[in-house]
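Below is one structure, written out as structure tokens; the observations come after it.
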Amino acid sequence: MPKEWNVCSLTILLLVTILVTTISSYFKISNIGEFIFSVSTSLPKLMLEFSELLLLNLPNFPENYLTTPTATDTSNVIDLYQSETVKELRKKALISAENNRRVLFNASLRTNGQDFYRKVKMEAYCGQKERIGEKGDGGKYVCNPKKVKKDCTLMSLGLNNQIGYDKHIFEVTGGQCRILGADVDPQNQKTQDSYAKINGELFAGKIPTDLPIPRMLEKSGRKEVELLKIDIEKGEFTALEPLIRDYFVCQIFIEIHGTPSEHLKMLQTMAKYGFRIFNVDENPYCTFCCEYSLINELCMAQFEVVPLAITIPQTTD
């Protein structure tokens, strides 16, 4: 039998195995949250076993057609999901989720920003959070940055000639990624020289009116964003959604400016596209500003993150 047939057979076998596992899990588990969690713990192991079988049966394709997988240790993900501590954390989050959504919505109707920020609950657990960039205002909490894919794309929007974050994130990701930076004004020569040393490319223009974020990706020949830092003084309200709607983004580190209701609206926009909060950091220098770190649900396994419960209330429009 040709090797191509073996590959097809293995593919069908995997799909059948996943289907059987999913159906059997459904009848054993009554809670939908536990059901999803159960499937997510077994799926990485099945995928790993399948990939090992597949490699043994691949036809001899030219080398340039083969891709390098992300260096994620599947056993680490499985161990994390099966940890009793993490299971208990998730259980508590699911039990309190409905009340947390109601409390947060009520806080968004008032004007006290600090009260609102403190009522935002974590929707995902990241055990390897790192503070990247300057101390105080300017730094961002990133989840497990060493787990980025090779030749990934980093974006840093809102520079003002302060690139401590940019230098730091380039270093902790192994110097293997392309970083795209932007600000409303052209950066000085020192910043330009520093950016060239970190494999960076600079853009100037007001985002999004003069410089839509997707245009930066198009000009640089990039199709996805691994890590996105965005601090553009309320420009996030109109600039972010076109990006996360049309392009794949893994993590977002965003400073939102405005009233509690405006914060909630921005968080709801990101939640609509599958992003979950893993860190909240109040800005000590700005009472109407708060830093949020979020991760795409489809990137959780890569960065060894556990989903907890959705705590951002759905938009009513």
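Bear in mind that the values here come from a model prediction, so they are computed numbers and not experimental data.
At least one side-chain heavy atom of I256 sits less than 4.5 Å from a side-chain heavy atom of F237.
One N or O on the side chain of Q268 and one on the backbone of P313 form a donor-acceptor pair closer than 3.5 Å. E134 places a side-chain N or O within 3.5 Å of a backbone atom of G164 that can act as its donor or acceptor partner. Judged by distance alone, the side chain of N160 and the main-chain N or O of D183 form no donor-acceptor pair under 3.5 Å. In this structure, the side chain of R276 does not engage the main chain of E297 through any donor-acceptor pair within 3.5 Å. No donor-acceptor pair under 3.5 Å is formed between the side chain of Q251 and the backbone N or O of L227.
Residues N100 and T311 bring no donor and acceptor atom of their side chains to less than 3.5 Å of each other.
Using a 4.0 Å cut-off between charged nitrogen and carboxylate oxygen, R215 and D210 do not count as a salt-bridge pair.
Residues forming a side chain to side chain donor-acceptor pair (under 3.5 Å) with T191 (at least two apart in sequence, or on another chain): N161, N188. In terms of the side-chain contact (heavy atoms from CB on, under 4.5 Å) criterion, residue partners of Q176 (sequence neighbours excluded) are, by chain and number, V148, K150.
Within a 6.0 Å sphere centred on NZ of K265, heavy atoms belonging to other residues, nucleotides or ligands number 12 at most.
Contacts classified as side-chain hydrogen bond (donor to acceptor under 3.5 Å, both in side chains) and involving residues 235-245 (residues at least two apart or in different chains) are given here: E236-H257, E241-K272, E241-Y273.
With values rounded to the nearest 0.5 angstrom, F278 atom CZ is found 10.0 Å from N144 atom CG. Distance check: L180 CG to I213 CD1 gives 11.0 Å after rounding to the nearest 0.5 Å.
The aromatic rings of Y292 and Y117 lie perpendicular to each other, with more than 60° between the two planes, well past the 30° mark.
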